[in-house]
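A quick write-up on the structure given underneath.
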Amino acid sequence: MTVITRFPPSPTGMMHIGNARTALFNYLYARHNDGKFVIRIEDTDRARHSDEAVDVIIDSLNWLGLDFDNTPTSQYANKDRHIEVAQELLTEGKAYKCYCSPEELQEMRDSMKSEGRIVAYNNKWRDKNDSDAPADTPYVIRIKSPLDGHSVVPDSVQGDVKVENKQLDDMIILRSDGTPTYMLAVVVDDYDMGISHVIRGDDHLNNTFRQNVIYDAMGWDKPTYAHLPMILGDGGGKLSKRHGAVSVDEFKQAGYLPEAVNNYLLRLGWGHGDDEIISIEQAIKLFDFKGITKSAAKFDYTKLESLNAHYIVEADNQRLLDLLTPFLKSEIDVELNETTASRLLNGMNGIKERAKTLVQLAHEARLYCTDITEYDDKAQKQLNTDSAIIFKGLLENLKTLSDFNHDPLEALCRDTATALADDKLGKVMMPLRAALTGTDKSPALFEAMEVLGKDETLIRIQNAIDFIEKS
RNA sequence: GUCCCGUUCGUCUAGGGGUCUAGGACACCGCCCUUUCACGGCGGCAACACGGGUUCAAAUCCCGUACGGGACGCCA
C-alpha cells in the first residue's frame with residue numbers, strides 16, 4: 001500500500017506554527033515511506049475563502065521546504081461529490097432529513113447542558129416518515145450514528161481510544177443550504193484521494209469517532225490515524241501572539257532559518273534518543289510514530305533561538321548574505337554595494353557565531369557595511385586624550401605595514417601596547433574597538449581589520465582622533 | 001456539565017519491571033579561554049504529580065485522586 005498523507009489547512013490568512021508541525025510530520029511520514037504528501041485547502045466555508053490566504057500557506061510550506069506532490073486541491077470544488085454521497089446515504093436510509101431550526105437546536109443544547117446530560121441532538125427526526133415533514137421548511141441532512149455499544153479508534157500515537165456510542169449524536173452532513181459540512185467533506189475527500197494516514201492535531205480525536213460513522217455507512221476502509229498532542233504557550237494555554245511569533249511568516253520575519261524551525265518543531269513532540277540536531281534528510285530516515293510524544297508541549301522560544309544560532313553558523317556564507325539583505329535594510333537601513341558586500345562575506349565567519357537570529361546578524365554586520373562616524377556612550381568613554389596618543393602611534397605603525405593580515409596586525413598591536421600602554425593589550429584594543437566599530441562590543445579585531453582593509457582601518461582611526469580632538 | 005487525552009529537571013525530552021545514586025539538550029550558575037561581547041571547553045543546580053495496589057523488584061503495569069489540555073456548531 002502506498003502511503004499518502006495530507007495537509008488540509010483552512011485558509012485563514014496565516015500558517016500557525018502548530019499547523020506547520022502537523023505539515024512537517026505528514027511530510028516526513030510520507031517521505032520516510034516513499035509515499036506522497038498532498039495539500040488540500042479546506043474551504044467549505046466560503047465566507048473565509050480567499051486566494052491570498054491560500055498563497056500565504058503555500059508560501060509558508062515552500063519556505064519550510066515541505067514540498068508536496070499535488071496541485072493543492074480545493075475542497076469546495078468537490079462539493080458535488082460530497083452532496084452525491086449525502087444523497088446516497090439518504091436513499092439508503094443511513095441518513096435523514098431534520099427540520100429543526102438553529103434556534104430550536106440551541107435551546108435543546110442549553111437545556112441538556114443545564115440538566116447535566118450529554119449535549120447532543122435528540123434524534124427528533126431520526127425515525128419520522130416523509131409524510132411528517134412540514135412544508136416549506138428548510139432541512140439539514142443528518143447521518144445516523146449507532147445508538148448503543150461503543151466505538152474504538154486505533155490511534156498510532158494515543159493507542160486504542162474507546163467511546164460510548166451514545167456520546168455520538170447524529171451529526172449534520174449537509175447544511176440547509178445544501179452545502180456539505182466539513183465532517184462529510186474530509187471523509188469523502190480523504191477516501192477519494194486515497195489518504196492512507198491521517199496525521200493531525202489531537203483536537204480532532206473526538207471528531208474521528210463521528211467521521212468513522214460515515215466511513216462505516218459507506219462501507220469504506222478507514223485510514224490509519226495518528227493524533228498529535230497540541231503545542232501550548234509557556235503558560236500552558238494556547239500559543240498566542242502574546243508569547244511572540246506564532247505564524248510561520250512571523251518566524252521568518254524574526255530572522256529564523258527554516259531548518260532551525262523544522263528541527264525545533266520536529267523535536268517538539270517527537271524524540272529519537274538523545275538526538276537534538278537533526279537535518280530534514282536525517283528526519284526523513286528516522287521519523288516514525290513510535291517517537292511521537294503523547295503529551296502536549298510548551299513552545300520554548302529560547303531553545304528555538306539556540307537551534308537557530310547553530311544553523312546560522314552551519315549556513316553557507318553566500319546564502320547568509322542573501323538572506324541578510326532584507327534585514328540589513330529593515331534593521332540598520334543599509335543597502336550593500338560591491339565593497340561592503342564583499343567585506344561582509346569575508347567577515348561573515350567572524351560575526352555569524354555571535355548571532356542567534358538574522359535580525360541580530362544584521363546588527364553584527366554593521367561594522368562592515370556602514371561608515372563609522374558616531375560613537376555610542378560606551379565607545380566615547382574609550383575615546384580620550386590617552387587613547388589619542390595610542391591611535392597616533394598605531395597609525396604610524398599601520399601605515400608602514402605591508403602585510404595587512406591577522407598575525408602581523410596582532411604583532412603590531414602588541415608592540416604598540418608594550419611601547420605606549422604598559423604592555424596592556426586591552427588599553428590598545430578597547431579604544432581601537434571604539435574607533436573601528438563605534439561601540440564596545442565586536443568580533444575579534446585583528447580579523448576585523450583584515451576584513452576592513454588597510455585604507456578603511458586607517459580612515460576609522462583617523463576619524464576617532466578627529467573626534468577626540470574636536471571634543 | 002458530559003466525554004476524550006495527558007502528567008519525568010524551569011522548558012523540550014531519554015526511559016517501555018531490575019543496567020536509574022533517572023541520561024541528553026536549552027535556560028540558569030561557576031570556572032577556563034580571552035583585546036570586549038559572544039563562541040568554545042569543563043563543572044554545577046535541577047524532575048519520576050499524589051495515594052493505593054500488582055511484583056522479590058515499578059519512573060516503567062493496574063486503579064483512584066488532583067491538576068492540565070481537548071471536544072461537545074448548519075466552523076474547520
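Residue numbering restarts at 1 for every chain, and letters A, B, ... go by the order of the sequence lines.
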Counting just side-chain N and O atoms, does [X] come under 4.0 Å of either OP1 or OP2 of [N]?
| X | N | answer |
| --- | --- | --- |
| A:R267 | B:A25 | no |
| A:K298 | B:U11 | yes |
| A:T293 | B:U13 | yes |
| A:R210 | B:A76 | no |

Classify the nucleic acid contact of [X] as base, sugar-phosphate or nothing, counting any heavy atom under 4.0 Å across all strands shown.
| X | result |
| --- | --- |
| A:K238 | sugar-phosphate |
| A:F446 | base |
| A:A417 | nothing |
| A:L445 | base |
| A:C100 | base |
| A:E353 | base |
| A:K162 | sugar-phosphate |
| A:D275 | nothing |
| A:P443 | base |
| A:V161 | sugar-phosphate |
| A:G201 | nothing |
| A:S442 | base |
| A:H204 | base |
| A:E276 | base |

So, [X] versus [Y], ring centres under 6.0 angstrom or not?
| X | Y | answer |
| --- | --- | --- |
| A:Y264 | A:Y256 | no |
| A:F68 | A:F7 | no |
| A:Y29 | A:F289 | yes |
| A:W270 | A:F25 | no |

Is there a Watson-Crick or G-U wobble partner for [N] with both distances under 3.5 Å, and if so, which one is it?
| N | answer |
| --- | --- |
| B:A59 | none |
| B:U34 | none |
| B:C74 | none |
| B:G17 | none |
| B:G68 | B:C5 |

Inset, instruction - Using a strict 4.0 Å threshold on nitrogen-to-oxygen distance, state whether A:E364 and A:K352 make a salt bridge. - result: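 Salt bridge absent between A:E364 and A:K352.
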Sticking with atom [atom1], work out how far [N] lies from [M], rounded to a whole angstrom.
| N | M | atom1 | value |
| --- | --- | --- | --- |
| B:G18 | B:C31 | P | 41 Å |
| B:U60 | B:G52 | P | 14 Å |
| B:A22 | B:C50 | P | 16 Å |
| B:A58 | B:A46 | C1' | 23 Å |
| B:A25 | B:U65 | C1' | 33 Å |
| B:C26 | B:A66 | C1' | 30 Å |
| B:U54 | B:G17 | C1' | 11 Å |
| B:A47 | B:C28 | C1' | 16 Å |

Inset, instruction - Compare the ring of A:H272 with the six-membered ring in the base of B:A14 and state whether they stack (centres under 5.5 Å, planes under 30°). - result: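 So no, this residue does not stack on that base, at least one cut-off failing.
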Would you say the side chain of [X] and the base of [N] hold a donor-acceptor pair, judged only by whether the two atoms sit under 3.5 Å apart?
| X | N | result |
| --- | --- | --- |
| A:K290 | B:G16 | yes |
| A:R433 | B:U35 | yes |
| A:K441 | B:A38 | no |
| A:S176 | B:C74 | yes |
| A:D202 | B:G70 | no |

Legend entry - Length of the line joining A:N206:CG and B:G69:C1', which is rounded to integer Å: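 Nearest whole value for this atom pair: 12 Å.
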Closest to the [X] side chain: [options]?
| X | options | answer |
| --- | --- | --- |
| A:L268 | B:U35, B:C3, B:C12 | B:C12 |
| A:L205 | B:U36, B:C74, B:C4 | B:C4 |
| A:M429 | B:C4, B:G24, B:U35 | B:U35 |

Legend entry - Pair A:R210-A:S151, side-chain donor/acceptor within less than 3.5 Å: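 Absent: no donor and acceptor within the cut-off.
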Legend entry - Pairing residues for A:E374 by the side chain to side chain contact (heavy atoms under 4.5 Å, CB included) criterion, not counting sequence neighbours: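 By the side chain to side chain contact (heavy atoms under 4.5 Å, CB included) rule, A:E374 matches no residue at all.
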Legend entry - A:L257 backbone acceptor or donor facing A:N308 side chain under 3.5 Å: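 Looks like yes, one N/O pair under 3.5 Å.
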